[in-house]
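In what follows, chains are A, B, ... by sequence order, proteins preceding strands, each numbered from 1.
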Amino acid sequence: MARSSSGRPLGRAFFDRPTTRVARELLGAVLTVRAGGDVRSVELVEVEAYLAHDPASHAYRGPTRRNRSMFGPPGTLYVFRIHQVVCANLVTRPGEAVLLRAARPRRPAHANPSGPGRLCRVLGLTIADDGQRVGPRGRLSVTAPRPRPRPDLVLRSPRVGISRAVDRPLRFSLAGDRWVSRPRPRAT
DNA sequence: GAAAAGATTACCT
DNA sequence: GGTAATCTTTTCC
């Protein structure tokens with residue numbers, strides 16, 4: 001599969017749009033985390049949308065101490081802990097977010113970011129990053145896919161690992177990409 | 001204050 | 001394919 005180069009930095013205007021659309025357009029985007037001289041980056045191949053009035057969403061019952069970042073401005077990072085692992089989301093509109101599920105490694109090339117917890121581990125994201133804003137000057141930056149994935153390669157399927165609203169097709173992934181996590185999505 | 005559940009992963013058969 | 005690990009937040013009594 002072709003490796004993309006890095007496009008323009010995505011900011012508030014990109015994230016302040018309907019969540020499913022942001023999710024779909026994040027496929028192929030490059031995430032970069034800079035810590036001191038260390039640079040790590042991946043290219044997204046799988047995400048999930050969590051919407052308002054969505055029983056599967058952490059924001060469903062309103063703001064709490066844990067999920068308050070989900071109500072921050074567009075482009076806020078929401079990091080939460082599950083079991084021994086952390087997972088990261090990008091907030092779109094208040095109360096809605098895109099879970100970053102899997103990616104193709106870029107730097108380092110041998111990393112394995114296939115899975116929400118592994119993706120965070122590869123990028124070095126921790127709970128301390130919760131609430132940060134992404135941006136070209138920040139620790140975490142996101143750049144537009146280049147080239148854009150072919151629309152016919154974007155798959156929609158049910159989300160993974162949840163127990164409510166299990167049938168909503170809010171998981172977006174790139175068809176046939178080896179880095180998409182399990183279970184493999186079935187084309188619709 | 002106690003109990004349950006969880007947007008996962010690694011390792012077992 | 002099934003299950004244990006492991007621990008914090010949320011929820012319920």
Side-chain angles (χ1 to χ4, degrees), chain A residues 15 17-29 31 33 40 42-72 74-105 108 110-134 140 142 154-174 177-186 188:
Chain A
F15 292 102
R17 296 182 305 146
T19 302
T20 53
R21 185 156 176 197
V22 172
R24 184 197 310 269
E25 294 184 13
L26 277 173
L27 293 177
L31 269 69
V33 174
R40 310 186 192 190
V42 301
E43 179 184 326
L44 289 174
V45 299
E46 178 190 345
V47 299
E48 285 176 356
Y50 286 85
L51 308 179
H53 315 297
D54 176 358
S57 170
H58 288 175
Y60 184 54
R61 295 173 192 277
T64 64
R65 179 188 192 129
R66 175 216 212 181
N67 70 13
R68 69 196 144 101
S69 299
M70 274 194 80
F71 297 88
T76 297
L77 193 65
Y78 166 47
V79 180
F80 68 91
R81 196 186 179 94
I82 177 72
H83 291 72
Q84 298 312 94
V85 169
V86 298
C87 302
N89 300 249
L90 290 169
V91 174
T92 55
R93 285 164 173 171
E96 304 200 345
V98 177
L99 171 69
L100 312 177
R101 281 201 60 88
R104 165 181 302 274
H110 55 77
N112 176 10
S114 182
R118 294 195 192 101
L119 191 156
C120 285
R121 196 177 59 191
V122 165
L123 290 180
L125 293 175
T126 71
I127 201 72
D129 292 299
D130 180 47
Q132 276 197 42
R133 199 92 64 84
V134 306
L140 175 65
V142 185
V154 175
L155 257 44
R156 276 187 84 148
S157 56
R159 295 174 291 187
V160 177
I162 54 174
S163 60
R164 292 180 284 196
V166 294
D167 292 329
R168 299 189 72 174
L170 295 176
R171 181 191 192 193
F172 296 86
S173 60
L174 292 181
D177 194 289
R178 66 163 287 205
W179 296 101
V180 171
S181 71
R182 286 146 118 121
R184 297 307 275 216
R186 252 182 58 178
T188 50

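Closest of all the heavy-atom pairs between A:Ala59 and A:Phe71 is CB-CZ, 3.6 Å. Between A:Val180 and A:Arg171, the shortest heavy-atom contact is CG1-NH2, 4.1 Å.
We find the CD-CZ distance between A:Glu25 and A:Phe15 to be 11.0 Å, quoted to the nearest 0.5 Å. Rounding to the nearest 0.5 Å places CZ of A:Arg24 at 5.0 Å from CZ of A:Phe172. Considering CG of A:Leu31 and CG of A:Leu26, their distance stands at 8.0 Å, rounded to 0.5 Å. Separating the CG atom in A:Leu140 from the CG atom in A:Leu125 is a distance of 6.0 Å, to the nearest 0.5 Å. From A:Glu46, atom CD reaches atom CZ of A:Arg184 across 9.0 Å, with rounding to the nearest 0.5 Å.
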With B for base contact, S for sugar-phosphate-only contact and - for none (protein heavy atoms under 4.0 Å), nucleotides 4-13 of chain C reads -BBSSSSS--
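Stacking annotation: A:Tyr50 is stacked on the base of B:dA7 (ring centroids less than 5.5 angstrom apart, interplanar angle below 30 degrees).
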Just distance, no hydrogens or angles: give the donor-acceptor pairs under 3.5 Å from side chains in residues 47-55 of chain A, sequence neighbours left out.
residue	atom	partner	partner atom	Å
A:Glu48	OE1	A:Tyr50	OH	2.7
A:Glu48	OE2	A:Val160	N	2.8
A:Asp54	OD1	A:Ala56	N	3.0
A:Asp54	OD1	A:Arg159	NH2	3.1
A:Asp54	OD2	A:Leu51	N	3.2
A:Asp54	OD2	A:Arg159	NH1	2.6
A:Asp54	OD2	A:Arg159	NH2	3.4

Please output the side-chain donor-acceptor pairs of residues 75-89 of chain A that fall under 3.5 Å, not counting sequence neighbours, one pair per line with the distance.
residue	atom	partner	partner atom	Å
A:Thr76	OG1	A:Pro73	O	2.6
A:Tyr78	OH	A:His58	ND1	2.8
A:Asn89	ND2	A:Tyr78	O	3.3

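For A:Ser163, no side-chain nitrogen or oxygen approaches OP1 or OP2 of B:dA5 to under 4.0 Å.
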For nucleotides 9-12 of chain B, print each protein N/O atom paired with a nucleotide N/O atom at under 3.5 Å, atom names and distance only.
residue	atom	partner	partner atom	Å
B:dT9	OP1	A:Pro116	N	3.4
B:dT9	OP1	A:Gly117	N	2.6
B:dT9	OP1	A:Arg118	N	3.2
B:dA10	OP2	A:Arg118	NE	3.2
B:dA10	OP2	A:Arg118	NH2	2.5

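Residues passing the salt bridge (charged side-chain N to carboxylate O under 4.0 Å, His left out) test with A:Arg66, sequence neighbours excluded: none.
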Here DNA chain B, pairs taken as Watson-Crick or G-U under 3.5 Å and shown with ( ), [ ] when crossing and | when to another strand, reads ||||||.|||||.
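The distance between atom CD1 of A:Ile162 and atom C1' of B:dG6, rounded to the nearest whole Å, is 12 Å. The nearest whole Å value for the distance from the CD1 atom in A:Ile127 to the P atom in B:dA7 is 13 Å.
Comparing the C1' positions of C:dT9 and B:dA10 gives a spacing of 24 Å, expressed to the nearest Å.
The side chain to side chain contact (heavy atoms under 4.5 Å, CB included) test with A:Val98 is passed by exactly one of A:Leu170, A:Thr92, A:Leu44: A:Thr92.
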